[in-house]
Amino acid sequence: MAAAAAPALKHWRTTLERVEKFVSPLYFTDCNLRGRLFGDSCPVAELSSFLTPERLPYQEAVQQDFRPARVGDSFGPTWWTCWFRVELTIPEAWVGQEVHLRWESDGEGLVWRDGEPVQGLTKEGEKTSYVLTDKLEEEDPRSLTLYVEVACNGLLGAGKGSMIAAPDPEKMFQVSRAELAVLHRDVYKLLVDLELLLGMAKGLGEDNQRSFQALYTANQIVNVCDPAQPETFPVAQALASKFFGQRGGESQHTIHAVGHCHIDTAWLWPFKETVRKCARSWVTAIQLMERNPEFIFACSQAQQLQWVKSYYPGLHARLQEFACRGQFVPVGGTWVEMDGNLPSGEAMVRQFLQGQNFFLQEFGKMCSEFWLPDTFGYSAQLPQIMRSCGIRHFLTQKLSWNLVNSFPHHTFLWEGLDGSRVLAHFPPGDSYGMQGSVEEVLKTVAKNRDKGRTNHSAFLFGFGDGGGGPTQTMVDRLKRLCDTDGLPRVQLSSPGRLFSALEKDSGQLCTWVGELFLELHNGTYTTHAQIKKENRECERILHDAELLSSLALARSAQFLYPAAQLRDLWRLLLLNQFHDVVTGSCIQLVAEEAMCHYEDIRSHGNTLLSAAAAALCAGEPGPEGLLIVNTLPWKRTEVLALPRPGGAHSLALVTVPSMGYAPAPTPASLQPLLPQQPVFVMQETDGSVTLDNGIIRVRLDPTGRLTSLVLVASGREAIAEGAVGNQFVLFDDVPLYWDAWDVMDYHLETRKPVLGQAGTLAVGTEGGVRGSAWFLLQISPNSRLSQEVVLDVGCPYVRFHTEVHWHEAHKFLKVEFPARVRSPQATYEVQFGHLQRPTHYNTSWDWARFEVWAHRWMDLSEHGFGLALLNDCKYGASVQGSVLSLSLLRAPKSPDATVDMGRHEFTYALMPHEGSFQDAGVIPAAYSLNFPLLALPAPGPAPTAAWSAFSVSSPAVVLETVKQAETSSQGRTLVLRLYEAHGSHVDCWLHMSLPVQEAVLCDLLERRDPAGPLPLQDARLKLTFSPFQVQSLLLVLQPLPN
Ligand SMILES: [Zn+2]
């Protein structure tokens, strides 16, 4: 071995840059090492192509008419696909060499060989060559035909100018290289080593001796290595190996490097392209697993695996094979990586139920960690839901995006609303798309906020968001860093190994209680109002359809529970709850597909509702052929519009028992209003209108604003003195970059009240069972709204039915209600419960929550009195001081320039109350607004008597869901899900009028509690709840006589 020359000079910068030039792909490639990476090359024997607007299966595509093509050809436009047939002949002289197909084109490519996908080829994802053979043998066939399927979109779609701009439909793509070449593996290895040495020299810095050791080792390598003389390489390699072989100490931090590829299920590209993104990314990951037995790849989102199973069954089988070997690790446990804020509690449960069952069925086991690296905040109920779905570990990194406060932990115990705890880890490098560089490895240790408490961190590497995934180079870098003095130890590891290591340190960890609020992307609670409205509506339809189908199953021997249909509809809803769909941060193409999914859920869901109602009615004679159904677990008396012959409607006050039905009232059987006071409507000479139902009295000024809202019994005024409610306000809404996502704090400084014209307010419905007033309001020269303010007999809240024609750019519409209530905190509904947030801006953590999310209600209460604001499809909200504000519409232009333009309809309601919101019934009122009584046509006469299936003795406990059990062998087992909604410890009775044979508690995955059946007492069950606890029950029904 030749001795390495000692460095003669010691100038840090020149030495460093000398090495950089030696590996540079830009400079001195005529004589440097990088220039020798590839040796001989030759063009492909023949290239031809076929262009199509469709995403064709391989078998169909290769039958098409391929035309001659050349390097330099353009193809497109956006969203089309160009199939290339590549005929290869490897020169005989290359025997003994490693031969690659080098391919560079715009767009995302997938190589097919012998009818199977084998590797992705994407310039952006640093995959530009396909290894034809590691070593060409004499007897190997040297002619070969491959196909390259190139999608006309980049990893991140086809934004015009900027990544998040709306796609450019005219974009053209080009193939810039298609050739065979010999790769010099020894050059490649030296390049990897030199880059790592450079990374250490730079990353450790001039006050670290290891930095100099790295730099001088690299310099020596350059001295001994002559790129033109491969025989000099072994000496250079030996120098590198000696350096990387110098071990670190026992206390070294351990980095768990897990291959990953974040694929947004739809975002800047349509759902259908995601199917292909999965294939391109995962087949590449499989290839890496084959070449690197220690490489482990974590993959989330059951829906994506389901797609691959359907469209690429061969690839799916390989994924299963590598899952058995422990190299392909399904993670997450959910159907998709859903938004962490907006989905209902039940929808979140279904994400896990559908996901975990899929993983169990396809890969033999459920996931043990919840994986949500890229979602815009995390509900305080997630720890409980996770725990009850067999999951104790949670991974994300998104809170590193906080604009204001830096989250104080990377490894901690996360305690949810009910006290459930999970072990949470945020990869301290604050990314899920690492490349394996020294800089990232050092950052993972340096930035770790829990240094000293735990000595392990995750490091997720691979191109992500639009797919791509890891490369061989990333794997090689990380393998080289397995144990080198000066750096943390790097293991190619699995999420399971990481969390086991963290578990051992859990005694040292701190606890974070409550939601993980992301201080960014707060516009996603409001953007794309139509998607949000459909989300809420479809959650309701599936709730109602499951309940009625369950009741029909219990009562009718002929009824078949539509389990498969309901599962498919749920899966569509869950798909749309992906973190760039329900949030409204997707392109127009995705929004249109999402609306089609909602249309499917609505139309099929309504068909299922009718079928179940018909089965419930069968054989019970009654009037009118109309069934009034209450799908909520408490008795309701409400005004309902009943269809009358000739298409007319008539208003009737009806009473329907809990989770049951009542016959429709005939004109003769209409309930007398007494003792309820009818609604009085009165218009004053100044144009103002008063609505009064004896419970609340509402006064509107002549422009429709609320000047007074009084609880009649106590005379308490709910509107702040001298202020007006129902005040629409417009804000300038120009974020810093993420247009559809972000509303910034400074938008609050641009508040402009929308002033109406006196004289527009008119009486609508004259009173009796219902009174209303309505008005028009010009919001701006381009946008207008009309509103009907409605008060029903016996109803504790006033509703505001609103229609808006919205044509704005970068404006934000809200409605405000200044309350005569003082409190430092407001309450907001979340999944299976509620939580408080401050109404002031004391600390940075307080003011960073200037725009928050809520579900169906929010409430501002002081001792003895409060005001609740309910809604039927909104999620953005805030309370500052005493002003409750509901976020209505935004007008961002990227990535969908058309988003939210046009007509909208929504309802909010205002409910003043005495006492606490719990005792005053705000929660059932918000349910009522969202789950109207149903008037369902019965095929024959409807039943004559009212009937209730279930009721609960405590108003604190909500029976949320009734459905058939997933794995019900005879089909006659129901699942009931209940939760404690007041935040209290409570004992209650569940009353059932169904023939129940056995009742047993189960978890959210419907697995029986080993403690066994609960005692049934006269069709009653006693249940005990702690605050915000969710409990599920399996009810085995008695067989019905046929
Ligand atoms: Zn994402």
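Ligands are counted one by one from 1 in listed order, and the atoms in each one are counted from 1 as well.
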Query raised in the report: Just wondering, more than 12 heavy atoms not from Y311 lying within 6.0 Å of its OH?
Result: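 Check fails, neighbour count at 12 or below.
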
Have a look at [X] and say which of its N, O or S atoms is nearest the Zn ion (ligand 1).
X	result
H579	NE2
D374	OD2
D264	OD1

**Report entry** Minimum side-chain heavy-atom gap H597-L575 below 4.5 Å
**Finding:**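 Yes, close enough: below the 4.5 Å cut-off.
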
Query raised in the report: Would you say L305 and E362 make side-chain contact, with heavy atoms under 4.5 Å?
Result: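 In short, these two side chains do not touch, never coming nearer than 4.5 Å.
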
Requested in this report: Keeping the roles fixed (side chain from T375, backbone from G377), state whether a donor-acceptor pair exists under 3.5 Å.
Outcome: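 Not a single qualifying donor-acceptor pair exists.
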
